[in-house]
Amino acid sequence: MSSSHKHLNKVTLGGLIVTLGIIYGDIGTSPLYVMKAIMGELPIQEEVVLGALSCIFWTLTLQTTVKYVILTLQADNKGEGGIFSLYTLVKRLKKRGLIVPAIIGGSALLADGIITPPISVSSAIEGLRIYNPDIDTVPIVIGILFILFAIQRFGTKLVGKFFGPMMLIWFGMLGILGIIPLVSNIAVLKALNPYYAIHLLSIHHEGFYVLGFVFLCTTGAEALYSDMGHCGRSNIRISWGFVKSMLVLNYFGQGAYLISHSGKTLSQLSHNSNPGNPFYLLMPDWFVPVGIAIATSAAVIASQALISGSFTLISEAMRLNFWPKVSVKFPTELRGQLYIPSVNWLLFLGCVFVVLHFRESGNMEAAYGLAIVLCMIMTTTLLGYYMVMKRYNPILILFTVMVYFSIEISFFIANISKFTHGGYVSLIIAGLLSTIMAVWFTAKKIRSEYTEFTKIDNYKSVLADLSNDKSIPKYATHLVYLTNAQFSDEIESKIIYSILQKRPKRADIYWFVHVNVVDEPYRMDYRVREIMKDDVIRVDFYLGFRVAPRVNLMFKNVVKDMVKNGEVDITSRYESLNRNNVIGDFKFVIIEKFLSYDNDLPWYERIILDIYFILKKVSLTEGRAFGLDNSSVKVEQFPIVIHPPEDLHLTRVDDPN
């Protein structure tokens with residue numbers, strides 16, 4: 001059994017507590033706003049409360065427990081989860097169009113990362129209105145979000161140690177607050193009967209569309225799968241039993257409290273002009289300040305988990321050619337711990353926009369849920385292909401896919417009804433992100449299809465002659481090219497042109513370095529092929545889609561190993577320097593391409609490539625993306641001629657003189 005699979009099945013008390021802090025922030029804070037959203041401002045009715053509880057219980061059971069905890073967690077990629085990990089598994093089927101659910105799902109998950117922090121923090125801070133109904137919570141929410149995003153650059157190693165214990169306190173509080181009113185009205189447990197869930201759709205003032213509010217209770221389910229690599233499958237499954245119990249106790253406690261106040265509205269129960277929140281109404285007055293503090297901490301943890309998840313998602317997207325290359329930092333030594341400055345501050349600006357646009361958590365509920373239900377539909381699509389790939393029983397595959405498409409499409413229809421009330425925000429964000437991903441991937445594909453390669457054997461002798469031609473000034477002792485050629489016996493024609501014709505570049509050793517992105521998340525292997533003894537060497541790196549391609553550092557390690565094994569001599573070939581064992585210089589040459597005017601492209605390809613090159617201007621250069629030192633990098637630009645225009649029929653005329 002591999003180490004990653006051992007990690008998946010290893011259960012420890014520490015692992016369970018860490019899992020509480022990493023996985024359940026989003027779904028764990030749902031009691032702050034779900035019942036409030038379902039009840040609205042109408043008088044409380046017992047049947048509506050029972051229906052709401054039944055819907056919540058069965059949604060958590062079918063959507064979170066069965067689909068994610070039981071089924072989807074089985075689809076691990078060497079211990080890693082998430083929609084891009086699932087895509088890398090099923091793309092082996094070579095089915096056209098699998099890229100579509102991967103891009104839509106990834107974009108929707110990122111959009112959720114912009115909406116979740118504002119609604120979670122706002123819901124918690126609005127508890128202050130118990131003391132001051134007129135307080136403006138917007139500045140407080142923005143201030144908390146700013147601090148949260150500002151500390152990302154330091155990593156979450158230290159803060160993360162408090163996440164698990166804090167969430168343990170949070171879930172313990174949920175259970176205790178819920179069980180007290182539940183004991184006094186145990187009859188509320190009849191809501192476990194699914195009849196009440198179905199009945200709710202006919203008696204609620206929103207009708208079928210109340211499912212849009214019900215869905216809020218399971219929006220964090222996708223995080224259970226996305227963060228599997230950090231916590232392990234077994235830790236998630238065991239801890240979910242505790243988390244679900246505490247959530248259900250709290251929801252049913254809220255229900256018991258509401259039923260005991262039938263006929264009143266939430267506004268009347270709150271003793272001020274603002275609609276009351278059933279979550280805070282459960283608390284005795286003396287405990288409210290403590291409850292607000294714990295709720296705010298839980299909301300911050302929920303936001304932190306989504307921010308960290310967004311960094312991981314963008315990192316994977318870059319490696320899979322879905323996203324422009326951006327700067328990635330490694331603030332701690334923890335595996336998988338990333339910080340992406342541009343994404344961090346884009347997320348912050350998005351969160352600020354959401355807070356300023358909606359101002360209150362009640363208004364944000366319309367935007368919340370629409371993006372994540374799209375992600376869930378895409379996960380179901382890819383999960384179906386995964387089950388086909390693993391040769392599950394066809395009847396089981398059909399039943400599973402049909403059941404979850406029915407559930408999730410129902411949730412989608414219910415959520416789309418909120419489009420004009422704020423749902424458009426999440427769809428616009430997800431749409432913009434999907435467009436960027438689709439354009440970047442398609443443009444890369446167009447470029448790769450028209451890149452010319454040549455056999456390196458055809459140029460071995462001329463490279464050897466050039467290396468020994470002392471009439472040409474030496475360009476570098478070691479000349480290193482990054483190549484996209486998948487086959488070790490091939491090289492781009494542009495590289496040969498660069499060496500031989502665009503100012504001939506004499507070097508003692510020519511190195512060709514290629515980076516392969518592989519399906520295993522954290523694989524880090526390399527292979528060396530000596531094409532010509534002491535003249536031409538090729539190095540192939542095999543890096544997982546969650547590994548940052550720090551080529552400069554990796555290449556140094558490869559050269560160090562080769563020197564240690566006596567495979568290469570890197571001392572300078574200049575006589576005076578060689579006598580003193582001075583190491584020769586390494587020069588990297590990167591070929592950057594631009595779209596030539598000498599193209600006759602279809603209009604849609606022209607638009608895609610135009611957008612691609614605009615995005616490329618704001619993304620990292622190839623050198624910085626591969627972690628190369630600018631002082632040792634030479635960038636050469638070559639035109640891309642993809643579809644040259646037809647031959648021009650020019651006619652020569654005689655000189656009149």
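Values below: all heavy atoms of this structure, side chains included; hydrogens, waters and symmetry mates excluded.
- Annotation: cation-pi pair K244/F171 absent, no NZ/CZ under 6.0 Å from the ring centroid and within 45° of its normal.
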Check the pair L60, I27 against side chain to side chain contact (heavy atoms under 4.5 Å, CB included), reporting the backbone distance first and the verdict last.
-> CA-CA 10 Å; L60 288 174; I27 201 167; 4.1 Å; yes
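- Taking both residues in full, the closest heavy atoms of A414 and G212 are given as CB-N, 3.4 Å, listed atom of the first, atom of the second, then distance.
- A donor-acceptor contact closer than 3.5 angstrom links the side chains of Y24 and S239.
- With rounding to the nearest 0.5 Å, the separation of OG in S226 from CG in L86 is 10.5 Å.
- Neither side chain, Y68 nor Q63, offers a donor N or O lying under 3.5 Å from an acceptor on the other.
- Of all non-hydrogen atoms in W170 and A295, the two that sit nearest each other are CZ3-CA, 3.4 Å.
- No donor-acceptor pair closer than 3.5 Å links the side chain of E206 to the backbone N or O of F213.
- Checked by atom type, the side-chain pair Y404/T379 shows no donor-acceptor distance below 3.5 Å.
- In summary, the side chains of S120 and S303 do not present any donor paired with an acceptor at a separation below 3.5 Å, with no hydrogens or angles considered.
- Put simply, the side chain of L110 reaches to within 4.5 Å of the side chain of I314, judged on heavy atoms.
- H357 and Y424 have perpendicular rings, their planes meeting at more than 60° on a 0 to 90° scale where under 30° would count as parallel.
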Kindly indicate, with the supporting measurements, whether the criterion side chain to side chain contact (heavy atoms under 4.5 Å, CB included) is fulfilled by L247 and I56.
-> CA-CA 10 Å; L247 288 172; I56 290 168; over 6 Å; no
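- Separation of atoms OG (S426) and CD1 (I115) is listed at 4.5 Å; rounding is to 0.5 Å.
- Take K325 and apply the salt bridge (charged side-chain N to carboxylate O under 4.0 Å, His left out) test, not counting sequence neighbours, and it matches no residue.
- When every heavy atom of V355 is checked against every heavy atom of P118, the shortest pair comes out as CG2-CB, 3.6 Å.
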Intermediate values then yes/no, side chain to side chain contact (heavy atoms under 4.5 Å, CB included), I38 and V210 | CA-CA 7 Å; I38 295 174; V210 71; 4.1 Å; yes
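- With sequence neighbours excluded, the residues forming a ring pair (Phe, Tyr, Trp, His ring centres under 6.0 Å) with F311 are Y339, listed by chain and number.
- Taking CD1 from I147 and CD1 from I142, the interatomic distance works out to 12.5 Å, rounded to the nearest 0.5 Å.
- Surrounding CG of D136 are more than 12 heavy atoms belonging to other residues, nucleotides or ligands, all under 6.0 Å away.
- The heavy-atom pair separating A75 from Y225 by the smallest distance is O-OH, 2.7 Å.
- Residues T219 and S30 have side chains not in contact (no heavy-atom distance under 4.5 Å, counting atoms from C-beta outward).
- With hydrogens and angles disregarded, no donor-acceptor distance shorter than 3.5 Å links the side chain of N277 to the backbone of K36.
- Looking at heavy atoms from C-beta onward, S122 lies out of side-chain contact with Y33 at the 4.5 angstrom threshold.
- Between F411 and F215, the angle of the ring planes lies from 30° to 60°, which puts this pair in the tilted group.
- For the pair F287 and M173, the minimum side-chain heavy-atom distance is below 4.5 Å.
- For the pair F358/V425, a side-chain contact is recorded, criterion being any heavy-atom separation below 4.5 Å from C-beta on.
- Taken to the nearest 0.5 Å, the CZ atom of R523 stands 9.0 Å off from the CG atom of L543.
- Between the CG atom in L211 and the OG1 atom in T59 there is a gap of 7.5 Å [rounded to 0.5 Å].
- For Y209, the OH atom counts as loosely surrounded, since its 6.0 Å shell holds 12 or fewer non-hydrogen atoms of other residues, nucleotides or ligands.
- Heavy atoms of other residues, nucleotides or ligands lying less than 6.0 angstrom from CD1 of I416 number more than 12.
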Please step through side chain to side chain contact (heavy atoms under 4.5 Å, CB included) for the pair D112 and E222, ending with a clear verdict.
-> CA-CA 10 Å; D112 183 54; E222 192 73 29; over 6 Å; no
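- The aromatic rings of Y612 and W440 lie tilted to each other, with the angle between the two planes from 30° to 60°.
- Residues W240 and T65 bring a donor and an acceptor atom of their side chains to less than 3.5 Å of each other.
- Side chain of T116 to main chain of G113: no donor-acceptor pair is present (N/O by atom type, distance under 3.5 Å, no hydrogens or angles).
- Considering only heavy atoms from C-beta on, L249 stays 4.5 Å or farther from L174 through its side chain.
- Heavy-atom minimum distance, F57 versus V248: CD1-CG2, 4.0 Å.
- For Y280 (side chain) and A124 (main-chain N/O), a donor-acceptor pair under 3.5 Å exists by modelled atom type.
- With a 4.5 Å cut-off on side-chain heavy atoms, N250 and L282 count as touching.
- A pairwise comparison of heavy atoms in I340 and S327 identifies CG2-O, 3.4 Å as the closest pair.
- Distance check: I70 CD1 to R237 CZ gives 7.5 Å after rounding to the nearest 0.5 Å.
- A donor-acceptor pair under 3.5 Å is formed between the side chain of T29 and the backbone N or O of D26.
- Using a 4.5 Å heavy-atom cutoff, the side chains of E41 and T265 are not in contact.
- Between the side chain of T72 and the main chain of K67, a donor-acceptor pair closer than 3.5 Å is present.
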